[in-house]
Amino acid sequence: MTLRPPASAWDAVLFDFNGVIGVQPEAQDWDRLAQLAGWPPERVPQFMQAFWARRGGYDAGVITDAQFWSSGLVMRTDRTLADLLPDLIATDTAMWTTVDPAVIYLLRAAHRAGTRLLLLSNAPHCVADAIDVAEWSCSLMSRTVYSARIGANKPSTAAYEAALAAAGWPDPGRTLFVDDRAENTTAAARLGLQTLHYTGNLGALAHLLPQLHPASAVQQPATTSTSSAAA
């Protein structure tokens with residue numbers, strides 16, 4: 001079978017992780033992490049607010065694991081931070097590294113078709129290290145670029161430049177960037193990259209990737225949103 005254009009023309013395809021390849025944490029994941037940190041069940045929303053208020057610096061690698069968790073996120077007094085830290089890191093990492101099998105299926109098909117795949121993710125060192133040893137990452141990604149390792153979060157221009165450098169500076173117009181956050185795809189488009197704002201529509205993603213089966217064969221999620229792509 002022949003590959004479907006325009007996907008066969010990509011020099012490289014850059015993927016975000018969480019929200020595209022990785023699935024978002026569920027409520028019970030947040031409950032588990034908050035409980036471990038000593039927050040009562042009724043205050044999980046406040047825990048999440050505090051978590052996200054500090055996450056940017058952690059993702060960018062400018063604060064350490066201990067600095068992140070000691071900045072008002074741990075409420076319990078029955079264990080020291082040093083004793084609790086390994087469990088916090090392991091629980092936090094686990095909730096950000098679950099993948100969507102349907103997306104992995106598309107990536108494997110695109111990889112078999114010869115597409116060069118790279119990862120560009122906002123992630124702290126612990127999450128980056130876990131993703132890098134995952135089977136799918138080792139077998140499918142030619143390079144991985146993480147915010148903590150380059151000191152810059154998307155949508156900073158430096159993040160996209162680091163990914164393009166890792167890809168060998170392909171033509172941005174022949175490079176596709178896939179992310180679930182509109183501000184990230186908008187920033188990439190300003191640099192000339194082709195983009196897909198991924199909202200869970202597998203058919204939209206399959207249409208832009210080389211596949212050895214028609215896009216219509218991809219099962220759609222129960223609810224999809226309109227995705228935009230410049231290809």
Side-chain angles (χ1 to χ4, degrees), residues 14-100 104 118-138 140-141 143-163 165-166 179-181 183-184 187:
L14 312 177
F15 284 91
D16 172 42
F17 178 69
N18 193 259
V20 180
I21 299 173
V23 298
Q24 299 285 0
E26 298 183 357
Q28 59 263 32
D29 298 316
W30 285 108
D31 292 345
R32 186 180 304 112
L33 185 62
Q35 180 181 19
L36 180 61
W39 292 66
E42 68 273 12
R43 296 199 64 202
V44 172
Q46 288 76 22
F47 169 77
M48 293 174 65
Q49 287 183 328
F51 180 98
W52 287 119
R54 296 154 175 78
R55 196 67 174 189
Y58 191 38
D59 282 348
V62 299
I63 62 174
T64 65
D65 298 324
Q67 288 171 330
F68 175 67
W69 287 107
S70 65
S71 61
L73 286 179
V74 176
M75 305 291 287
R76 61 192 300 172
T77 58
D78 60 325
R79 294 174 63 182
T80 66
L81 180 63
D83 176 57
L84 193 59
L85 193 58
D87 291 338
L88 289 168
I89 293 172
T91 303
D92 182 35
T93 299
M95 65 187 270
W96 295 112
T97 51
T98 301
V99 299
D100 183 341
I104 294 295
L118 294 92
L119 192 68
L120 174 60
S121 175
N122 286 354
H125 287 291
C126 55
V127 175
D129 292 345
I131 292 173
D132 269 352
V133 298
E135 183 280 329
W136 66 265
S137 179
C138 294
L140 298 177
M141 297 295 154
R143 294 288 300 275
T144 55
V145 179
Y146 302 99
S147 55
R149 296 179 183 173
I150 61 174
N153 293 332
K154 293 174 297 182
S156 168
T157 297
Y160 304 102
E161 290 177 341
D179 198 291
D180 69 318
R181 299 182 68 89
E183 61 266 35
N184 292 341

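For the atom pair Q24 CD and D100 CG, the distance stands at 11.0 Å (nearest 0.5 Å). Expressed to the nearest 0.5 Å, how far CG of L14 lies from OG of S121 amounts to 12.5 Å. Of the inter-residue distances, the one linking T93 atom OG1 with L33 atom CG reads 10.0 Å to the nearest 0.5 angstrom. Atom-to-atom distance recorded for R55:CZ and I63:CD1 is 9.0 Å, nearest 0.5 angstrom. Atom CE of M48 is separated from atom CZ of R43 by 14.0 Å, given to the nearest 0.5 angstrom. Within the model, atoms CZ of R54 and CD of Q67 stand 13.0 Å from one another, a figure rounded to the nearest 0.5 Å.
S71 places a side-chain N or O within donor-acceptor distance of the main-chain N or O of F68, the cut-off being under 3.5 Å. Counting only distance, with no hydrogens or angles, the side chain of D59 and the backbone of G56 share no donor-acceptor pair below 3.5 Å.
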*Under the side chain to side chain contact (heavy atoms under 4.5 Å, CB included) criterion, do N122 and R181 qualify, and how do the steps go?*
CA-CA 12 Å; N122 286 354; R181 299 182 68 89; over 6 Å; no
*Begin with the C-alpha distance, continue with both residues' side-chain angles, and end with the deciding distance and a verdict on side chain to side chain contact (heavy atoms under 4.5 Å, CB included) for L119 and I21.*
CA-CA 10 Å; L119 192 68; I21 299 173; 3.8 Å; yes
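Nearest heavy-atom pair across I150 and A159 is CD1-CA, 3.8 Å. Considering all non-hydrogen atoms of both residues, R143 and A166 come closest at NH1-O, 3.4 Å. The nearest pair of heavy atoms linking S147 to A123 is OG-N, 2.8 Å. In terms of heavy-atom proximity, M95 sits nearest to P25 at O-CG, 3.3 Å. Taking both residues in full, the closest heavy atoms of A66 and S70 are given as O-OG, 2.7 Å, listed atom of the first, atom of the second, then distance. The two atoms that bring T144 and S137 nearest to each other are CG2-OG, 3.9 Å, heavy atoms only.
Of the residues N153, L120, D132, the one that meets the side-chain contact (heavy atoms from CB on, under 4.5 Å) test with Y146 is D132. The residue from F51, W30, F47 that alone fulfils the ring pair (Phe, Tyr, Trp, His ring centres under 6.0 Å) condition with W39 is F47.
Between M141 and I131 the shortest side-chain heavy-atom distance does not fall below 4.5 Å. A 4.5 Å side-chain heavy-atom check between D31 and Q35 finds every atom pair outside the cut-off. Using a 4.5 Å heavy-atom cutoff, the side chains of F17 and V99 are in contact. By the 4.5 Å heavy-atom criterion applied to side chains, L81 and V74 are counted as neighbours. Residues V145 and L118 are not in side-chain contact: their nearest non-hydrogen atoms beyond the backbone lie 4.5 Å or more apart. With contacts defined as side-chain heavy-atom distances shorter than 4.5 Å, the pair L84/W69 does not qualify. Counting heavy atoms from C-beta on, the side chains of L36 and R76 come closer than 4.5 Å. With contacts defined as side-chain heavy-atom distances shorter than 4.5 Å, the pair P155/Y160 qualifies.
Using modelled atom types and a 3.5 Å distance limit, the side chains of D65 and Y58 yield a donor-acceptor pair. A donor atom on one side chain and an acceptor atom on the other are found under 3.5 Å apart for D92 and W96.
Using a cut-off of 4.0 Å between Lys/Arg side-chain N and Asp/Glu carboxylate O, R149 and D129 are scored as salt-bridged.
Surrounding CD of E161 are more than 12 heavy atoms belonging to other residues, nucleotides or ligands, all under 6.0 Å away.
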